[in-house]
Amino acid sequence: MNKKILVTGGAGYIGTHTCIALHAAGYDIVVYDNLSNSSREAINRVSTLIGQSIDFIEGDIRDAESLRQVFSAHQFFGVIHFAGLKAVGESVAQPLKYYDNNVSGTITLLEVMSEYDVKNLVFSSSATVYGDPERLPIDENSPRSCTNPYGQSKLTVEHILEDLAVSDASWNLIPLRYFNPVGAHPSGQIGEDPNDIPNNLMPYISQVAVGKLEKLSIFGNDYPTTDGTGVRDFIHVTDLAQGHVAALNYLESQTRTAKTDSIGFLPINLGTGKGTSVLELVAAFSKVSEQDIPYQFADRRAGDIASCYASADKAKDLLKWQAELSIAEMCQDTWRWQSMNPNGYNAT
Ligand code: NAD
Ligand code: UDP
């Protein structure tokens, strides 16, 4: 029988791509999402892509009763926990909302998992937990610190997971620390669909390319990098999705054999290990889309760091996973999604 996975936040950007990868890998999935930052249309499109209707429940991770109903109705092998809020600026303005969703919501989820003796969790963490890194590439033992409530909420959840693993050795908890997810499904049917003006670089570039936004502002050209602009480790969302399948496979293999009692708390970076500057990404996007991307240099954005890229060795060693797709493919797939869906999931 296929193993069944609860995917919280499975209607979102990374969640939808991961649902497709999980289905292809033979997992059964149940998606639980309150649609606060996603739409039913995303779920419909995933259903079309996988050729079967997704088992979808509209619900909030802070609602223990609703979660209990889901856990009563299904026997889960584990949970992939994407549900959460992710806008750094909004988290500064509304910290309570972020701690409530991301921290309280996760505690409620963990409590219900515990009640139903489901102890396998893959959690969406972020490279933001490393703050301004002391050394590059960033490995999993690097010191952690955060400067905004969003980052703090991720770091707090990591601390909670660590404490949980110490308290009870039957938990298997894998926080995956994502670097910069970009790109879209190669079909052009699903992708990132920001509500307002995008905060992140790739969706901003693609909206300039498609003519929705006039000009990109590049935040800082005086960083100590090759061309003065910020350097990030961009990773294709379908590679990232595959990383979740690899984490689950690892979890399954470890818990099946008597080699270890449990995994405990096992943080793993998901990145490519390569840094790309803002200007390099703009040039790559312009090339594949054959569009001009007008830009201007602007002041540095508060809280930004110069360079951030992963050591991807642990994922390779333990999960036997590594990112495959190039910057050109990330741009190509983003462009396909953006040009096929200029208004995202709403009104095509
Ligand atoms: P997203 O907003 O597209 O997806 C998150 C999903 O969670 C949405 O569908 C939203 O409706 C749902 N959700 C939010 N609060 C919920 C709640 N209380 N109950 C139920 N559902 C809820 O974001 P994404 O880019 O797919 O990110 C997924 C996860 O990965 C998030 O936890 C995010 O913080 C983390 N992450 C994202 C990035 C990134 O750059 N996209 C980087 C690092 C980490
Ligand atoms: N960036 C930019 N203009 C934008 C958005 C982002 O110059 O409109 C830069 C930002 O300063 C950083 C890089 O692009 O150097 C990646 O930013 P993003 O918000 O996508 O991800 P972050 O790494 O900050 O989470």
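In this structure Thr229 satisfies the side chain to side chain contact (heavy atoms under 4.5 Å, CB included) test together with Ile218, Asn221, Asp227, Ser277, Val278, Leu279, Phe297, sequence neighbours excluded. Legend: residues meeting ring-ring contact (aromatic ring centres under 6.0 Å, His included) with Tyr99, ordered by chain and number and at least two apart, are absent. For Lys316, the side chain to side chain contact (heavy atoms under 4.5 Å, CB included) partners two or more places apart in sequence, or in a different chain, are Gln322. Partners of Glu111 under the side chain to side chain contact (heavy atoms under 4.5 Å, CB included) rule, at least two apart in sequence or in another chain, are Ile107.
Atom CZ of Phe76 sits about 4.5 Å away from atom CG of Leu6, to the nearest 0.5 Å. Atom-to-atom distance recorded for Phe77:CZ and Lys3:NZ is 5.5 Å, nearest 0.5 angstrom. Rounded to the nearest 0.5 angstrom, Ser311 OG and Ile138 CD1 are separated by 9.5 Å. Residue Ile293 holds its CD1 atom at 13.5 Å from NZ of Lys215, rounded to the nearest 0.5 Å. Distance CG/Asn101 to OG/Ser36: 6.5 Å, rounded to 0.5 Å. Taking CD1 of Ile29 as the start and NE2 of His74 as the end, the distance is 11.5 Å to the nearest 0.5 Å.
Checked by atom type and distance alone, the side chain of Asp33 pairs as donor or acceptor with a backbone atom of Leu35 at under 3.5 Å. Judged by distance alone, with hydrogens and angles left aside, the side-chain atoms of Asp233 form no donor-acceptor pair with the main-chain N or O of Asn180 at under 3.5 Å. A distance-only check finds a donor-acceptor pair linking the side chain of Arg300 to the backbone of Asp222 [under 3.5 Å]. The backbone N or O of Ser66 sits less than 3.5 Å from a side-chain atom of Asp63, completing a donor-acceptor pair. A donor-acceptor pair under 3.5 Å links the side-chain atoms of Asn172 to the main chain of Ile263, judged by distance alone. In this structure a side-chain-to-backbone donor-acceptor pair under 3.5 Å is missing from Ser286 to Val282. A donor-acceptor contact shorter than 3.5 Å links the side chain of Ser339 to the backbone of Trp335. Proximity of a side-chain donor or acceptor of Asn148 to a complementary backbone N or O of Gly151 within less than 3.5 Å is detected. A side-chain donor-acceptor contact under 3.5 Å links Asp239 to the backbone of Glu324. Judged by distance alone, with hydrogens and angles left aside, the side-chain atoms of Asp168 form a donor-acceptor pair with the main-chain N or O of Ser170 at under 3.5 Å.
Proximity of Ser217 to Tyr204: side-chain heavy atoms (C-beta onward) are nowhere separated by under 4.5 Å. In this structure, the side chains of Ile160 and Thr106 stay at 4.5 Å or more apart for every pair of heavy atoms. At a threshold of 4.5 Å between non-hydrogen side-chain atoms, the residues Ile205 and Leu281 count as touching. Annotation: side chain of Lys97 is in contact with side chain of Leu85 (closest heavy-atom distance under 4.5 Å). Between Leu164 and Phe265, every side-chain heavy-atom pair lies at or beyond the 4.5 Å cut-off. Proximity of Thr128 to Gln152: side-chain heavy atoms (C-beta onward) are nowhere separated by under 4.5 Å. Between His236 and Thr272 the shortest side-chain heavy-atom distance does not fall below 4.5 Å. With contacts defined as side-chain heavy-atom distances shorter than 4.5 Å, the pair Arg232/Ile305 qualifies.
Tracing side-chain contacts under 4.5 Å through hydrophobic residues (I, L, V, M, F, W, Y), one never reaches Leu266 starting from Leu161; they form parts of separate clusters. Both Ile5 and Val31 are part of a single hydrophobic cluster, where members link through side-chain heavy atoms under 4.5 Å apart. Val7 and Leu121 fall into different hydrophobic clusters, where Ile, Leu, Val, Met, Phe, Trp and Tyr side chains are chained together by heavy-atom contacts under 4.5 Å. Residues Val103 and Leu96 do not share a hydrophobic cluster, defined by chaining ILVMFWY side chains whose heavy atoms lie under 4.5 Å apart.
For the residue pair Ala25 and Val245, the shortest heavy atom distance occurs at CB-CG1, 3.6 Å. Pairing each heavy atom of Ser307 with each of Thr225, the nearest pair is OG-CG2, 3.4 Å. The two residues Met113 and Asn120 make their nearest non-hydrogen contact at CE-O, 3.6 Å. Closest of all the heavy-atom pairs between Ala323 and Ile235 is CB-CD1, 4.3 Å. The minimum heavy-atom distance between Ser114 and Trp171, with the atom names listed, is CB-CZ2, 3.9 Å. Looking at every heavy atom in both residues, Ala312 comes nearest to Gly273 through CB-N, 4.4 Å.
Side chain to side chain, Ser125 and Lys154 fail the donor-acceptor criterion of an N or O pair below 3.5 Å. A donor-acceptor contact closer than 3.5 angstrom is absent between the side chains of Asn269 and Asp139. Neither side chain, His185 nor Asp333, offers a donor N or O lying under 3.5 Å from an acceptor on the other. For the 3.5 Å distance criterion, the side chains of Ser124 and His81 fail to qualify, holding no donor opposite an acceptor. Between Gln75 and Tyr116, the side chains place no donor N or O within less than 3.5 Å of an acceptor N or O (distance only, hydrogens not considered). Donor-acceptor pairing under 3.5 Å is recorded for the side chains of Glu329 and Ser326.
Of the candidates Asn249, Thr18, Asn2, Asn249 is the only one forming a side chain to side chain donor-acceptor pair (under 3.5 Å) with Tyr27. Just one of Leu270, Leu176, Val182 meets the side chain to side chain contact (heavy atoms under 4.5 Å, CB included) condition when paired with Leu240; it is Leu270. None of Trp321, Tyr178, Tyr250 except one satisfies the ring pair (Phe, Tyr, Trp, His ring centres under 6.0 Å) rule with His244; the exception is Tyr178.
Salt bridge Asp317/Lys314: absent, no basic N to carboxylate O contact under 4.0 Å. A salt bridge is defined here as a Lys NZ or Arg NE, NH1 or NH2 lying under 4.0 Å from an Asp or Glu carboxylate O, and Glu134 with Arg144 fails to meet this definition. Comment: Glu280 does not engage Lys274 in a salt bridge, judged by the lack of any side-chain N to carboxylate O separation of less than 4.0 angstrom.
Through side-chain heavy atoms spaced under 4.5 Å, either directly or across other Ile, Leu, Val, Met, Phe, Trp or Tyr residues, Tyr223 is tied to no other residue.
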Residue pair Phe179, Phe234: steps toward the ring pair (Phe, Tyr, Trp, His ring centres under 6.0 Å) verdict: CA-CA 7 Å; Phe179 280 66; Phe234 299 98; over 10 Å; no
Residues Tyr13, Trp337; criterion ring pair (Phe, Tyr, Trp, His ring centres under 6.0 Å); working and verdict: CA-CA 12 Å; Tyr13 171 47; Trp337 154 254; 8.8 Å; no
Evaluation steps, side chain to side chain donor-acceptor pair (under 3.5 Å), between Arg45 and Asn341: CA-CA 13 Å; Arg45 293 195 187 184; Asn341 308 270; 2.8 Å; yes
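Heavy atoms from other residues, nucleotides or ligands lying under 6.0 Å from NZ of Lys212 number more than 12.
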Donor-acceptor pairs under 3.5 angstrom involving side-chain atoms of residues 50-58: please list them, not counting sequence neighbours.
unit_1	atom_1	unit_2	atom_2	d
Glu58	OE1	Arg40	NH2	2.7

